Amino acid sequence: MKVERFMLAGWEFVSLDDDILAYIKERIYEIESVSGIPFPILLKQTAQDLIRYSNCMWVKVRNADASGGSARPSASGSTIEPVAGYFILPFETLQFKLKANGEIKKIMQKMPGTGISKEYSPQDVIHFYTNRKPGFAMGTPELTPVIADAELLRNLEENIEELIHSALYPVWHWRVGNDNLPERVDPYGNKETDIVKKTIEYMPAGGIFVTDHRHEIKAQGSEGRALRAEGYLNYFKQRLFSGLGVSGVDMGEGDSANKATAQVLSNTAIQHIEALQLTMKIFLENFVVNELVLEKNSSFPLHDPERKVQIKFGTIDKEAKTKLENQTIQLFSNKLLTESEARKKLGERPMREEDRELTYFKLYEEPLAMLKSIAQPAATEALVENNSSGVSRAGASKQE
């Protein structure tokens, strides 16, 4: 559910420098062609691993012949080949060799059942992570404590299933006699209870019992006295939802929630996805985009805000975005924000002169105003010639 919302929000690369932005888009297209994996699918798989394991690793395949980038020097003086493709390493197949300070020294992928293994250098791997504690190499999976809650809830459901099977059909209790009239024995030594047992044994299904006042038949079911399991189920289910970062509304249980309540309950899941977007934005810009830019020009000013390439993710909460847009428009209309500040709040880049020529004002309002102004002198001349008009020649000349 979280991955689907992440994908539906969408993404795009943005920059104030059109040339470097076009280069990044071209390089991403090249990487898609070489690797055979569309970049949106790569992002989707990364989001899946981050949600499940709080870790994800991309391996870089370097090949100057299959890449549009150029080789560049490293900090140690060696030459680094350009990136030709990115591939995700299945995290459950990886083993790590760490330094004394906890940093990753070597990464080995070992495929189960085949015995095939391969080692990777940290400079050829991008490690995405969330919830990583200081001194640890890996992020701690947020779903680890939820596994026990899921198993406990499953065990409760199995016990309730057994309870349903055992109490679905009632057990008949046939009482023979009482303290005042105990059971009798016939002249042949047969007890009255034995006779009843034989009667029931040979009685067809759906038969009818006919007894005297000494015999009493009752259906013994749960009759409301069995264990009330609804409270336990709801408690452990809500505990599971809390660990997953979702609400009952997100999981399709919105029977008792109105629109306002549903929006509040869904905020937890929305915030989780927005935090995921921010994490991926940090890693993608610092370890993917920056490297591709340096392959074009090793002396490129990466931290120049006018030339920096960023990845922009879409909004998860559409209603909150609409409210923010309306508030920003009100602040701009009341002269409390500049145009650049308002566009920045809206997530848009500053207005350029070539963009201004395509605005609604330039395309429609200004031409209409010019047409009206052209027709105005003719109307003024007609009023001057009319004897009943108060418009004079001097006034018309002043207006013109």
Side-chain angles (χ1 to χ4, degrees), residues 1-11 35 37-60 86-96 98 102 104 107-114 117-118 120 122 125-155 157 236-253 265-288 311 313-314 316:
M1 181 270 295
K2 291 182 180 180
V3 172
E4 288 175 353
R5 288 194 179 187
F6 173 84
M7 292 299 295
L8 289 174
W11 59 276
S35 65
I37 303 175
F39 200 71
I41 300 301
L42 195 64
L43 296 184
K44 179 180 180 180
Q45 294 173 346
T46 304
Q48 288 175 335
D49 278 3
L50 284 175
I51 292 173
R52 292 183 297 179
Y53 310 127
S54 295
N55 292 276
C56 182
M57 283 195 171
W58 290 12
V59 61
K60 309 171 189 176
Y86 293 106
F87 297 90
I88 289 185
L89 296 174
F91 208 79
E92 57 270 28
T93 65
L94 302 181
Q95 298 178 6
F96 305 94
L98 306 179
I104 299 176
I107 303 162
M108 183 175 71
Q109 183 183 23
K110 190 173 183 179
M111 300 305 295
T114 63
S117 61
K118 186 176 181 180
Y120 300 98
V125 171
I126 302 175
H127 181 200
F128 296 78
Y129 57 83
T130 61
N131 196 31
R132 191 175 79 169
K133 301 175 184 177
F136 286 76
M138 301 296 143
T140 303
E142 298 178 0
L143 297 184
T144 299
V146 183
I147 296 175
D149 293 334
E151 291 176 345
L152 179 57
L153 182 61
R154 177 64 60 182
N155 291 335
E157 292 173 342
F236 286 106
K237 183 171 61 176
Q238 292 302 325
R239 179 170 165 174
L240 180 62
F241 286 170
S242 298
L244 294 174
V246 297
S247 66
V249 175
D250 297 316
M251 304 302 287
E253 297 185 351
L265 293 175
S266 297
N267 281 340
T268 302
I270 291 173
Q271 291 172 357
H272 274 247
I273 304 169
E274 290 176 345
L276 176 66
Q277 288 180 331
L278 179 59
T279 299
M280 293 187 62
K281 173 182 172 66
I282 294 171
F283 282 99
L284 289 170
E285 289 179 0
N286 285 277
F287 301 107
V288 176
I311 185 168
F313 288 97
I316 305 296

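Quick note: numbers below take in every heavy atom, side chains included, and nothing from hydrogens, waters or symmetry partners. The structure displayed is predicted, hence computed values, not measured ones.
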Residue set satisfying ring-ring contact (aromatic ring centres under 6.0 Å, His included) with H127, at least two apart, ordered chain then number -> Y129
Taking only residues two or more places apart in sequence or in another chain, which ones pass ring-ring contact (aromatic ring centres under 6.0 Å, His included) with F87? none
Hits for side-chain hydrogen bond (donor to acceptor under 3.5 Å, both in side chains) against W11, two or more places apart or cross-chain, chain-then-number order -> none
Test ring-ring contact (aromatic ring centres under 6.0 Å, His included) applied to F136 - qualifying residues, sequence neighbours left out: none
CD1 on I316 to CD on Q271, rounded to 0.5 Å: 12.0 Å
Under the salt bridge (Lys or Arg N to Asp or Glu O under 4.0 Å) rule, collect the residues that match up with K2, sequence neighbours excluded. none
To the nearest 0.5 Å, how far apart are CD1 in I147 and CG in L240? 11.0 Å
With rounding to the nearest 0.5 angstrom, report the CD to OG1 distance, Q109 to T93. 4.0 Å
Extract all donor-acceptor atom pairs below 3.5 Å that involve side chains of residues 280-288 and protein atoms in other chains or at least two apart in sequence.
from, atom 1, to, atom 2, distance (Å)
K281, NZ, E285, OE2, 2.5
K281, NZ, I311, O, 3.1
E285, OE2, I311, N, 3.1
N286, ND2, I282, O, 2.7

Looking at residues at least two apart in the chain, or sitting in another chain, which of them share a side chain to side chain contact (heavy atoms under 4.5 Å, CB included) with S117? M108, K110
By side chain to side chain contact (heavy atoms under 4.5 Å, CB included), which residues pair with E157, not counting sequence neighbours? L153, R154, L233
Interatomic distance, M7 atom CE to I41 atom CD1 [nearest 0.5 angstrom]: 5.5 Å
Here the pair of heavy atoms bringing P141 nearest to S54 is CA-OG, 3.4 Å
For M1 and L244, what are the C-alpha separation, side-chain angles and deciding distance, and is it a side chain to side chain contact (heavy atoms under 4.5 Å, CB included)? CA-CA 11 Å; M1 181 270 295; L244 294 174; over 6 Å; no
Shortest non-hydrogen pair, I37 vs Y86, comes out as CD1-O, 4.2 Å
Quick check for you: to the nearest 0.5 Å, what is the distance between L276 atom CG and R5 atom CZ? 13.0 Å
Can you measure from CG (N55) to CG (N131) and round to the nearest 0.5 angstrom? 9.5 Å
Do any N or O atoms from the side chain of Q277 and from the backbone of G314 form a donor-acceptor pair under 3.5 angstrom? yes
Results of side chain to side chain contact (heavy atoms under 4.5 Å, CB included) for D49 - residues two or more places apart only: R52, Y53, C56, I88
Which side chain to side chain donor-acceptor pair (under 3.5 Å) pairs, counting each pair once, include a residue from residues 134-149, with sequence neighbours left out? D149-R239
Among F128, F91, F6, which one satisfies side chain to side chain contact (heavy atoms under 4.5 Å, CB included) with L50? F128
For K118, side chain to side chain contact (heavy atoms under 4.5 Å, CB included) partners two or more places apart: Y120
